[in-house]
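Working notes, beginning with the structure itself.
Quick note: residue numbers are just sequence positions, from 1.
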Amino acid sequence: MSLSLKDPDATEIHRLLRIGAVKDDADDRVTLADVTFLKKTEHDHYIFKAKLSGQDVVVKFTYEDDDELAIPRLQHESEIYVDYLKPLWGVHVPILYGFYLYESSNFDELSCACIVLQYCGEPAVSDLSQLNDYCSNEYGIKQFRNDTMDLVFRLHSPEIGLDHDALNASHVLDFEGNPFLIDFGGTEPHECFAWKRAGQLTRETLAAKEGEVLGPLSSKSVLCYELWNFLESTEYCLP
């Protein structure tokens, strides 16, 4: 896969995406319509919302002039989607429609890349602690929070085996009443000791109970830093 983009700036990226500059090796155009710029992330990725064959998609675009790690990070994220997250595609993480890379061999050209993902709504809350009072559609209070916890536990399970590395409110989306996780650029394979200890990690088998004091990181509370931090951030347990 490749991108036919040359010396892009923010305006040029927008223009080229709008006219369908993304293409594959057979030179068939991947046409994106209704392209709207959303934001630039801390990792120098430009985020766009668009339509692909009538479907709402998100495009994460970057080029090497911003940050030499920006393209490898984007490629790493696409590999995480393919190698680990397929069981969750369209259920609790976006479907990956493609990773596109243009590697320039010319001095005056910039290498660039993007991934195209299913659009899966907007962040449910601005702070994870707000999940306790968040109600999505006809679902009751705490149902969305509990579903999010179950999803995070599954992410750490032997089935998926990942540490997200950035579990914050902006990466928890509400899509038709279901929690979706996004932004796996820093995600790594993970053997979760909390899962090992519990055998089957659920809210029922979790050593840290709702409303109780969350002890220090240990087998008596939660033996996984990301899960421990998530429970603290959601205020599932008392500080």
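Between Lys209 and Tyr236, the closest side-chain pair of non-hydrogen atoms is not below 4.5 Å. Inter-residue side-chain proximity for Leu85 and Leu162 is flagged as met; some heavy-atom pair is nearer than 4.5 Å.
Checked against the 6.0 Å centroid threshold, Phe61 and His45 do not count as a close aromatic pair.
The hydrophobic cluster around Ile141 extends to none of the other residues, as no ILVMFWY side-chain heavy atom falls under 4.5 Å of it. Its side chain within the 4.5 Å cluster rule, Phe180 clusters with Leu173, Phe175, Ile182 among the Ile, Leu, Val, Met, Phe, Trp and Tyr residues.
Qualifying side-chain hydrogen bond (donor to acceptor under 3.5 Å, both in side chains) partners for Glu226, counting only residues two or more places apart in sequence or in other chains: His156. Residues satisfying the side-chain hydrogen bond (donor to acceptor under 3.5 Å, both in side chains) criterion with Lys196, sequence neighbours excluded, are Glu191. Listed by chain and residue number, Leu128, Thr148, Met149, Val152, Leu167, Thr234 satisfy the side chain to side chain contact (heavy atoms under 4.5 Å, CB included) test with Phe230 (two or more places apart in sequence, or in another chain). Listed by chain and residue number, nothing satisfies the side-chain hydrogen bond (donor to acceptor under 3.5 Å, both in side chains) test with Asn229 (two or more places apart in sequence, or in another chain). The side-chain hydrogen bond (donor to acceptor under 3.5 Å, both in side chains) search around Glu204 returns Thr202, not counting sequence neighbours. For the side chain to side chain contact (heavy atoms under 4.5 Å, CB included) test, residues two or more places apart in sequence or in another chain that qualify with Ala208 are Leu206, Leu214, Val222, Leu231, Cys237.
One finds the CH2 atom of Trp195 at 9.0 Å from the CZ atom of Phe153 (value rounded to the nearest 0.5 Å). Taking CD1 of Ile160 as the start and NE2 of His190 as the end, the distance is 13.0 Å to the nearest 0.5 Å. Of the inter-residue distances, the one linking Glu232 atom CD with Leu227 atom CG reads 13.0 Å to the nearest 0.5 angstrom. Atoms OH and CG, from Tyr46 and Leu38 in turn, are 14.0 Å apart once rounded to the nearest 0.5 Å. Distance check, rounded to the nearest 0.5 Å: CG of Asp34 to CG of Asp56 gives 8.5 Å. Taking CG of Leu117 as the reference point, atom CG of Leu52 lies at 11.0 Å (rounded to 0.5 Å).
Contact record, Cys224 with Ala194: CB-CB, 4.0 Å, taken as the closest heavy-atom pair. Residues Leu101 and Ala113 approach most closely at CD1-CB, 3.8 Å, considering heavy atoms. Heavy-atom minimum distance, Pro216 versus Trp228: C-NE1, 3.8 Å. For the residue pair Tyr100 and Val116, the shortest heavy atom distance occurs at CE1-CG2, 3.8 Å. Taking both residues in full, the closest heavy atoms of Phe184 and Ile80 are given as CB-CG2, 4.1 Å, listed atom of the first, atom of the second, then distance. Ala50 approaches Val35 most closely through the heavy-atom pair CB-CG2, 3.9 Å.
Sorted by first and then second residue, the salt bridge (Lys or Arg N to Asp or Glu O under 4.0 Å) pairs involving residues 141-156 (not counting sequence neighbours) are Lys142-Glu210, Arg145-Glu210, Asp150-Arg203, Arg154-Glu159. Residue pairs meeting the side chain to side chain donor-acceptor pair (under 3.5 Å) criterion with at least one partner in residues 115-130, sequence neighbours excluded, are Tyr119-Glu122, Ser126-Gln130, Asp127-Ser129. Here side chain to side chain donor-acceptor pair (under 3.5 Å) pairs that include residues 179-189, with residues two or more places apart or in two chains, are His171-Asp183.
Between Phe37 and Phe48, the angle of the ring planes goes over 60°, which puts this pair in the perpendicular group of the 30/60° scheme.
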Donor-acceptor pairs are to be reported for all side-chain atoms of residues 87-97 against protein atoms at under 3.5 Å, with residues two or more places apart or in another chain.
residue, atom, partner, partner atom, Å
Trp89, NE1, Tyr81, O, 3.1
His92, ND1, Pro179, O, 2.7

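Transitive grouping of hydrophobic side chains (ILVMFWY, heavy atoms separated by less than 4.5 Å) brings Leu181 and Val82 into a common cluster. One hydrophobic cluster, built from ILVMFWY side chains closer than 4.5 Å, cannot hold both Val59 and Ile47; they sit in different ones.
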